[in-house]
There are 2 protein chains.
Amino acid sequence: MVTIYDIAEKANVSAMTVSRVINNTGKISDKTRAKVRKVMEELHYVPNHTARSLVLQQTHILFLLITDITNPFYTTLARGAEDAAKKSGYRLLFGNSDESLEKEADYMSTILSSRVDGVLIAPAGDPSLPHLKSLQQHKVPFVLLDREVPGIECDIVLGDSKEGARGLVEYLLKQGHRRIAMINGSSSISSARLRLQGYQEALKLNDIGYEETLVLETSFGPLNDLIEIEQWLDQMEPAPTAIIAGNNMLAVEVIRLLRKRGLRIPEDRSIVCIDDFGPYSQMDPFMTVAAQQAYQFGYLGMQMLIERIKERESPQPWKKIVLPAELIIRRSVLPLKQNR
Amino acid sequence: MVTIYDIAEKANVSAMTVSRVINNTGKISDKTRAKVRKVMEELHYVPNHTARSLVLQQTHILFLLITDITNPFYTTLARGAEDAAKKSGYRLLFGNSDESLEKEADYMSTILSSRVDGVLIAPAGDPSLPHLKSLQQHKVPFVLLDREVPGIECDIVLGDSKEGARGLVEYLLKQGHRRIAMINGSSSISSARLRLQGYQEALKLNDIGYEETLVLETSFGPLNDLIEIEQWLDQMEPAPTAIIAGNNMLAVEVIRLLRKRGLRIPEDRSIVCIDDFGPYSQMDPFMTVAAQQAYQFGYLGMQMLIERIKERESPQPWKKIVLPAELIIRRSVLPLKQNR
DNA sequence: ATGAAAGCGCTAACAA
DNA sequence: TTGTTAGCGCTTTCAT
């Protein structure tokens with residue numbers, strides 16, 4: 001491996017001079033600089049980031065942990081985070097926890113031991129608390145994305161989940177639906193809880209009773225119990241005319257299972273969900289959704305994180321950004337006759 | 001920061017003993033081990049991976065660079081790579097080049113300077129050559145995914161792109177289509193070239209002339225020139241009855257633009273593509289595709305990479321895996337009357 | 001403008 | 001079984 005000492009030797013200068021040339025620090029004569037640069041190129045020198053991080057006590061690398069790499073919400077968010085990081089000259093690395101607490105724990109130890117400068121994290125859920133506590137303990141700046149975790153005070157970017165869900169249900173009600181089922185993520189996830197609340201509130205405001213059998217709590221992520229979902233779909237009696245899914249991945253799953261049963265959307269079942277489908281929003285059923293501003297989650301979260309890192313010394317109050325969801329009406333909802 | 005010296009002091013042992021406990025090396029009395037472990041927990045010690053990497057000259061971290069984080073092919077591939085890495089106890093970090101040579105170059109410098117142990121890379125295209133050369137020069141083991149790069153000999157996992165495309169076109173021909181257009185990625189990408197060849201061969205074998213105006217070369221990735229695609233769609237005369245897209249993202253784009261024009265799929269245009277849609281395959285138009293084994297790309301590629309790292313000393317010949325694509329017939333193709 | 005020495009946190013090699 | 005020494009590649013401090 002080529003080190004600054006190799007460069008120094010060949011250029012007849014000290015290692016320190018080489019270091020100065022690399023980092024553009026201190027005063028160096030143009031002649032020396034040119035000479036050093038030339039040798040660096042000749043030997044294909046690459047700075048050893050590891051060594052540099054060790055002495056500087058910072059890596060200039062940021063980390064983004066998402067919970068489902070196949071979900072367009074998170075991948076779009078990732079693009080936003082990447083763009084914001086790049087703008088400030090930070091490097092960004094990704095991790096994917098697949099909604100699993102165990103994988104999240106693995107990433108935590110990677111994060112802590114690799115001494116990244118900061119973390120943008122969509123936590124698996126409330127049980128992520130110890131993970132976040134340990135970040136705090138080790139003074140790793142972090143920003144939470146999309147999900148609150150009770151017991152943690154920190155910077156956070158949230159979507160207005162309750163309003164998003166409520167808006168969708170109200171839209172369904174306006175279209176004449178009265179029997180509306182909901183499939184949702186785990187109640188250990190703040191956004192799932194709020195989405196359920198939004199659903200409940202909308203029903204209540206419209207004097208429609210809440211029926212437990214119409215609501216299924218499963219997982220937002222790729223680890224779903226399909227049998228459970230199938231049973232839920234088959235056992236609702238009478239069947240709902242509309243279904244709201246707590247996120248896009250659940251909607252896709254429900255669409256698949258409905259079609260397996262020969263049910264058409266929206267003719268036989270209307271369906272809506274929270275989160276848009278990125279590039280897939282143009283595929284049938286053209287879903288009516290409460291679209292979250294995925295890119296902004298990443299972009300603004302990253303800005304907050306970098307801000308926090310820079311202001312490390314001065315104690316800023318925690319910031320909380322709540323991004324509204326946008327109701328996008330497409331064609332996955334059938335207007336019923338009793339339209340009002 | 002808590003270091004092994006802090007632990008050593010509090011436990012009344014030497015730093016070396018602490019190191020041995022952490023790494024489970026050498027002989028340590030149970031009593032000492034217990035004592036050290038206890039102190040480590042008390043002080044919430046986290047090993048400094050940076051320091052460790054510096055002395056060991058290896059990070060035990062692998063890197064996966066993909067070209068489009070919103071493409072289910074790559075995200076599914078990522079899952080495969082992750083699973084294989086985990087199985088061997090390696091950590092995996094992701095990067096996303098968005099099909100951009102510049103972003104790829106940025107990641108190269110991250111990769112080189114952070115001294116990861118190996119890289120799994122889907123190159124942006126033939127111009128990635130210098131990037132790969134520099135990996136070789138710095139003796140960073142890597143495995144290429146999905147795309148060959150002329151001038152580079154290395155381990156590689158490929159899909160059978162030519163056969164995949166040919167199979168799709170032949171299916172279209174069997175359904176009676178004669179005027180088949182193709183939208184493809186950049187010809188600087190090996191898989192795009194092979195897919196075009198597959199298209200051309202299928203036509204030739206069936207005595208159908210090749211028409212340049214029916215073929216559009218654009219980008220596989222998120223940086224498409226939409227105007228160009230729209231013009232191409234509008235200017236083909238007479239219009240094709242079927243379109244083959246070089247990958248799934250292009251298919252989605254074409255679907256969107258066709259629908260914008262009020263054209264139905266498959267009634268007005270049949271459409272097929274290479275690559276499946278992951279969770280979205282169940283959305284309409286239920287696409288007929290040549291599905292690549294995305295997960296296997298990642299899993300097998302990662303296995304090869306780890307193998308290569310372990311056998312670093314003994315010079316194994318380069319390995320090449322070619323994964324066949326599977327024709328999945330759904331409902332995006334209209335059988336024409338002149339069916340044969 | 002340039003260099004020498006010390007040390008970031010850790011482990012390999014050797015010593016006791 | 002445990003400890004001492006040296007050094008991984010780099011930068012900070014202080015000296016020249």
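All values reported here derive from a predicted model rather than from experimental measurement.
- The pair A:Lys38-A:Glu42 counts as a salt bridge, with a side-chain nitrogen and a carboxylate oxygen less than 4.0 angstrom apart.
- Residues in residues 301-320 of chain A take part in no ring-ring contact (aromatic ring centres under 6.0 Å, His included) pair, two or more places apart or across chains.
- The separation between A:Ile4 atom CD1 and C:dT2 atom C1' is 14 Å, rounded to whole Å.
- Residue pairs meeting the salt bridge (charged side-chain N to carboxylate O under 4.0 Å, His left out) criterion with at least one partner in residues 55-69 of chain B, sequence neighbours excluded, are A:Arg79-B:Asp68.
- Evaluation of the salt bridge (Lys or Arg N to Asp or Glu O under 4.0 Å) rule for A:Lys310 yields no partner, not counting sequence neighbours.
- As rounded to whole Å, 14 Å separates atom P of C:dG9 from atom CG of B:Leu43.
- Each of B:Gly26 and B:Gln57 has a nearest nucleotide on DNA chain D; the 5'-most of these lies closest to B:Gly26.
- Using a 4.0 Å cut-off on heavy atoms, the residues of residues 7-22 of chain B that approach DNA chain C are B:Met16, B:Ser19, B:Arg20, listed by number.
- Using a 4.0 Å cutoff to heavy atoms of chain B, the contacted part of DNA chain D runs 5' to 3' from D:dT1 to D:dG9.
- The ring pair (Phe, Tyr, Trp, His ring centres under 6.0 Å) test applied to B:Phe73 returns B:Phe297, not counting sequence neighbours.
- Among residues at least two apart or in separate chains, there is no salt bridge (charged side-chain N to carboxylate O under 4.0 Å, His left out) pair with a member in residues 134-145 of chain A.
- For B:Lys86, the salt bridge (Lys or Arg N to Asp or Glu O under 4.0 Å) partners two or more places apart in sequence, or in a different chain, are A:Asp106.
- Near DNA chain D, defined here as any heavy-atom distance below 4.0 Å, the residues from residues 45-56 of chain B are B:Leu54, B:Val55, listed numerically.
- Looking at heavy-atom distances under 4.0 Å, B:Thr25 makes no contact with the nucleic acid at all.
- Under the ring pair (Phe, Tyr, Trp, His ring centres under 6.0 Å) criterion, B:His60 pairs with B:Tyr90, sequence neighbours left out.
- Judged by atom type and distance alone, B:Tyr5 does not reach the base of C:dC8 through any side-chain donor-acceptor pair under 3.5 Å.
- Take B:Leu56 and apply the side chain to side chain contact (heavy atoms under 4.5 Å, CB included) test, not counting sequence neighbours, and it matches B:Arg52, B:Gln58.
- Judged as a salt bridge (Lys or Arg N to Asp or Glu O under 4.0 Å), and not counting sequence neighbours, the contacts of A:Glu99 are A:Arg147.
- For the pair B:Met108/B:Ile121, a side-chain contact is recorded, criterion being any heavy-atom separation below 4.5 Å from C-beta on.
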